[in-house]
Amino acid sequence: MLPAKYSPKNVESEIFRFWKDNDVYRKVKEKGGRKFYFVDGPPYTTGRIHLGTAWNKVIKDTILRYKRMMGYTPTDTPGWDMHGLPIEVKVEQELGFRTKRDIESFGIDKFIEKCMNYALANKDAMTEQFKMLGVWMDWERPYMTIKAEYMNAAWFAIKRAYERGLLERKKRVVNWCYRCETALADAEVEYWDEEDPSIYVKFPVKGENNTYIVIWTTTPWTLPANMAVAIHPSLEYAKIRAVKNGEVEYLILAKELADSVLGKGDYDTWEVVETYLGEDLEGLEYEHPLADEVPIQKKWRHQVFFADFVTAENTGCVHIAPGHGVEDYELGAEKGLEVFNPVDDRGIYTEEAGKYAGKHVKEANDEIIDDLYRKDLLLVEGRVVHRYGHCWRCKTPIIYRATEQWFIKITELKDEMIREIDMVQWIPEWAGSARFKEWVSNAKDWCISRQRYWGIPLPIWICEECGKIRVVGSIEEVPWESDLDLHRPKIDAVIFDCECGGKMKRVPDVFDVWFDSGVASWGSIAYPLRKEKFEELWPADFITEGHDQTRGWFYSQLGTSVICFDKAPYKAVLMHGFTLDEQGRKMSKSLGNVVEPEEVVGQIGADGFRLYVLYSAPWEDLRFSWEEARNVNRMLNIVWNAVRFAYTYMNLDNYRFDGEMGELKIEDRWILSRLESFCKEANDAMEGYQIHRVVRAFFEFFVEDFSRWYIQLIRPRVWEERDSPSKIAAYYTMFRVIDRTMRIIAPFAPFISEWFYQHVIKRFRDGKESIFLESYPEPEIELINSELEEAMKVAKDVVEAASNARNKAKRKLRWPLRELVVESENEKVRKAVELLEEIIRYQCNVKNVRVVTSFEKEVVIKPNYKVIGPLLKDKAGKFADYVSNLKEIPEKIEFEGEEIDSREALVVDYKLPEGYEYADFPGGFVYIYKELDDELIREAYARELIRRIQEMRKELDLDVEEFIGTTVEMDPELVEGWEDYIKSETRSEKLIFGKAEGYVKVWDIEGKKVKIGIKRMS
RNA sequence: GGGCCCGUGGCUCAGCCUGGUUAGAGCGCGCGCCUGAUAAGCGCGAGGUCCGGGGUUCGAACCCCCGCGGGCCCA
């Protein structure tokens, strides 16, 4: 016997042990087959997996297992993204560090060691979590971004970029984190709402008294670096005469914005005295508002320029600081402005900032506002809530700073990248054609340098004497012994001799971590250090990641790959969604709505977890719901029960699956057809990576068709004689269904399918060591009989309708009825009912089934009181009289001068011949004859009796085959003629009407007291 | 301001690409039923302006356009 209840825990621990003890994973891998290059997007080694990463790996594992069963040997090297700021920040926190100086004095070597150990420990912890989900990857041999052979892949790429003229060192405004003291890529900036100062500042126009250009800013700290004002050439500007406390001043700003701006200040009156287009203002000079505080500003001329990016917002005049803004910088470059940046790495003003030197920019805001106020250059001061960028790891607000950085000129590669996007199969299609293309076409040059420690060192050496650059493209050009010794500070000690006789030193920067993972498609197979695999496999056949990777890994890989090979590194990309909580919110610690994968697995098992996450469309966000997760578990329980049913009887009969079909009955042919239809659906869906369709089809087939319908139909057949051809057919059919279905669903639910393979499938036929050494079933199309499938649908509908009619007639199913009539004008329906008449008769518990095109019933038209009541009030009664004379529904009703919609006001009922009840179904109507005669009642009583004896047998915990003696205290006439039936159904050797003996219970059958006694015979 | 996605009973979601009976499922709710797969299971019922508005079409949840609401990303 199989365990009565499905216990995921027991199933999983047994299978884990089985796989481990027998080294199954290795055997499956060694089976060999066609190549399939899968690249794992490396999760960052945070130490814990969350629902999203768990979902991600489950999708991957399902695809890999499917591919293996399809005869491929997919690469299944898991990856780990191990460098970067997040780990540095963690280690810094652990050590209580606040700045880079703390790290330097602690020792970079020791710091790096800490980071490495931290990353490695996290990797190990996460590996265990992934294993728990049943993910079969080569955990012993992962690829890691910290390995020399991997770092080599990044060096190779940067060298290629350099050779192609795509690597550039330039001063640019970058996102800067002053806590981490490093540049950040756009992808590393996270936006959320924050409150900042919002100030309107008056810039004095040169040579004119009391005349000002008005600008607006949320970053007062950038004003010391102001170099210009930008306006839009075709926007209308105005000079406003404004009066405050009797004093007059003139303000220049966009005309349409004047009232709203002036209204904020404390002016008494104002009026437009002059208007001009932006272009008339070009070249207008002004004095820097903080020229006294920042003396160096007196060196430069300040004037007004055009810029297209100016919009009619705020004042229409934009403060330009080329050292602190991307657009500012670009405008500055165009107009030849100085890139003035008086802020250092830590966000502290340098000496150049004059009076503000030594202050932190965020602290200087207030002082600058005060100074402006004191000088009467502050029109108004307020606060504003707006979206502002933050360092995505340490959450510090970023600032913009012009610094020297290393860039990849993505802008020159865009066309090629976009062309390559079209060569890739995207699932869903819009992930590539819309979302990713949009991102790439807006991409800017990629800043790849970081002023940090824990990362792949930039392999760029510069001569201190002549400035010559050497980009190293292979680790073989530098001394290295072990896997892990290419990090800082060791690599910093490598010095080359320059042709000029000078010394070449390495640029101290490390790579942006996105560059690390960007080279995964060859780094993971150690190219170019080793070449064979690359030549055989590249590019990847398939990758899958969440939609956040549009700007992440999909992008970084495409960029590096186009640089190195002019080609996309992947052929197919499945983009999946995000996991959210039930309300659709992000899961976060602060909201307290985080659900841990272990928690889910603990409740419903790994198979349950997997099927739950694979149940909905992968590209949609997944709102996690415990309710739904448990529901999947319930369905698995039905699967368990269905298999257990089959097993129980096949086992009892020592069944052997040898291809002998016996005599297949129509329901057998039906479920075998459905099996192949399901199999076809699964195969088709998997080819298009429509994973959820397989899971849905599986439950539909196995729970709905096999368990709820087929097994109900064949229950009597498993009690037939051992060599009965009909029973053999049932066994053959059930076995085939289970065998094939388990193999189809194995990639999705590996534990339960392996368990059934070991305990059920191999019990009745020879097999392989593991289900994963079997091949994935391909549909046998010739067994599909769509007409029969259609017909069975009709039969099911009829049975449902009959059940409905019984409900109305208050006739429970145990009570047999004389007749069931199906009324339909549809030829297909009639044929189906005739074909499956026996099934309908048995399922509906009726003696006779009849099909007619038209049943003798009378149409009765009644008023719909719900509608006409409120409408006609006291006239409703009169209306009812009027309606009672109608023979058919008229199009329109004119009643007492009112026009009434007949569809709303009338309801149709049918008057049936005496004794019938009806219900409708999609093909027509079903009628049952509900009257009982003595013969039916005797049968009904017999069944009532049987049912109770069965329950008593169970209460005594009797074996199914055990014989009993039964004594019943009731009028024997009630079941006359059914004695043998009762005896055989209940395995009673004797049935005596007399004093109840043995295990005795008193029952109430339809109001009659009946005492039943049973006892064991042996 | 831009791009993408989403909006279907109280809840979670299929269906939409490829238009075609009366729009489905599960959960929840109400009423029943069944029972040697059984601390399960099954049926029936109530509950839907398929976000709104226009268009294309003989026909739109589905295709197109314009809105509204939500999410993500970008500015």
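Protein chains get the first letters and strands the later ones, always in sequence-line order, with residue 1 at the start of each.
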Under 4.0 Å between any heavy atoms, over every strand shown, what does [X] touch: base, sugar-phosphate, or nothing? Just pick one.
{"X": "A:Asn826", "answer": "nothing"}
{"X": "A:Trp709", "answer": "nothing"}
{"X": "A:Ala617", "answer": "sugar-phosphate"}
{"X": "A:Ser707", "answer": "base"}
{"X": "A:Phe921", "answer": "base"}
{"X": "A:Arg693", "answer": "sugar-phosphate"}
{"X": "A:Ala642", "answer": "base"}

Could you check which of [options] has an atom nearest any side-chain atom of [X]?
{"X": "A:Asn804", "options": "B:rG45, B:rC13, B:rG41", "value": "B:rG45"}
{"X": "A:Glu620", "options": "B:rC34, B:rC72, B:rA14", "value": "B:rA14"}
{"X": "A:Asp621", "options": "B:rA75, B:rG71, B:rG43", "value": "B:rG71"}
{"X": "A:Trp439", "options": "B:rC73, B:rG26, B:rG43", "value": "B:rC73"}
{"X": "A:Lys812", "options": "B:rC34, B:rG3, B:rU12", "value": "B:rC34"}
{"X": "A:Arg696", "options": "B:rC13, B:rU12, B:rG41", "value": "B:rC13"}
{"X": "A:Glu800", "options": "B:rC44, B:rA40, B:rU12", "value": "B:rC44"}
{"X": "A:Asn631", "options": "B:rC5, B:rG26, B:rC13", "value": "B:rG26"}

Whole-Å distance between [N] [atom2] and [X] [atom1]?
{"X": "A:Arg435", "N": "B:rC4", "atom1": "CZ", "atom2": "C1'", "result": "5 Å"}
{"X": "A:Phe578", "N": "B:rC72", "atom1": "CZ", "atom2": "P", "result": "9 Å"}
{"X": "A:Gln712", "N": "B:rA40", "atom1": "CD", "atom2": "C1'", "result": "12 Å"}
{"X": "A:Gln950", "N": "B:rC34", "atom1": "CD", "atom2": "P", "result": "14 Å"}
{"X": "A:Arg943", "N": "B:rC33", "atom1": "CZ", "atom2": "P", "result": "15 Å"}
{"X": "A:Tyr555", "N": "B:rC4", "atom1": "OH", "atom2": "P", "result": "19 Å"}
{"X": "A:Trp619", "N": "B:rC16", "atom1": "CH2", "atom2": "C1'", "result": "11 Å"}
{"X": "A:Asn641", "N": "B:rA40", "atom1": "CG", "atom2": "C1'", "result": "6 Å"}

Gap in Å between the two [atom1] atoms, one belonging to [N] and one to [M], rounded:
{"N": "B:rC63", "M": "B:rG19", "atom1": "P", "value": "9 Å"}
{"N": "B:rC27", "M": "B:rG41", "atom1": "P", "value": "9 Å"}
{"N": "B:rG7", "M": "B:rC33", "atom1": "P", "value": "40 Å"}
{"N": "B:rG67", "M": "B:rG2", "atom1": "P", "value": "9 Å"}
{"N": "B:rG24", "M": "B:rG43", "atom1": "P", "value": "15 Å"}
{"N": "B:rA60", "M": "B:rC51", "atom1": "C1'", "value": "16 Å"}
{"N": "B:rC17", "M": "B:rG53", "atom1": "C1'", "value": "25 Å"}
{"N": "B:rA61", "M": "B:rG52", "atom1": "P", "value": "11 Å"}

A:Glu789/A:Lys793 ion pair, N-O < 4.0 Å: no

A:Lys796 bridged to A:Asp705 by N-O distance under 4.0 Å: yes

Take atom [atom1] in [X]; do more than 12 heavy atoms of anything else shown fall under 6.0 Å from it?
{"X": "A:Glu955", "atom1": "CD", "result": "yes"}
{"X": "A:Glu825", "atom1": "CD", "result": "no"}
{"X": "A:Lys831", "atom1": "NZ", "result": "no"}
{"X": "A:Lys680", "atom1": "NZ", "result": "no"}

A:Arg610 to A:Phe748, cation-pi by 6.0 Å centre distance and 45° axis angle: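 No - A:Arg610 does not lie over the ring of A:Phe748 by the 6.0 Å and 45° rule.
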
Base partner of [N], which must satisfy Watson-Crick or wobble distances under 3.5 Å:
{"N": "B:rG45", "result": "B:rC29"}
{"N": "B:rC4", "result": "B:rG71"}
{"N": "B:rG59", "result": "none"}
{"N": "B:rU22", "result": "none"}

Contact nearer the 5' end of RNA chain B, comparing A:Asn442 with A:Glu704: A:Glu704

Most 5' of A:Val703 and A:His547 on RNA chain B, judged by nearest nucleotide: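 Counting from the 5' end, the first nearest nucleotide belongs to A:Val703.
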
Any [X] side-chain N or O less than 4.0 Å from OP1/OP2 of [N]:
{"X": "A:Arg814", "N": "B:rC34", "value": "yes"}
{"X": "A:His692", "N": "B:rG15", "value": "yes"}
{"X": "A:Arg634", "N": "B:rA40", "value": "no"}

Heavy-atom closest contact (A:Tyr6 atom, A:Ile752 atom, distance): CE1-CD1, 3.7 Å

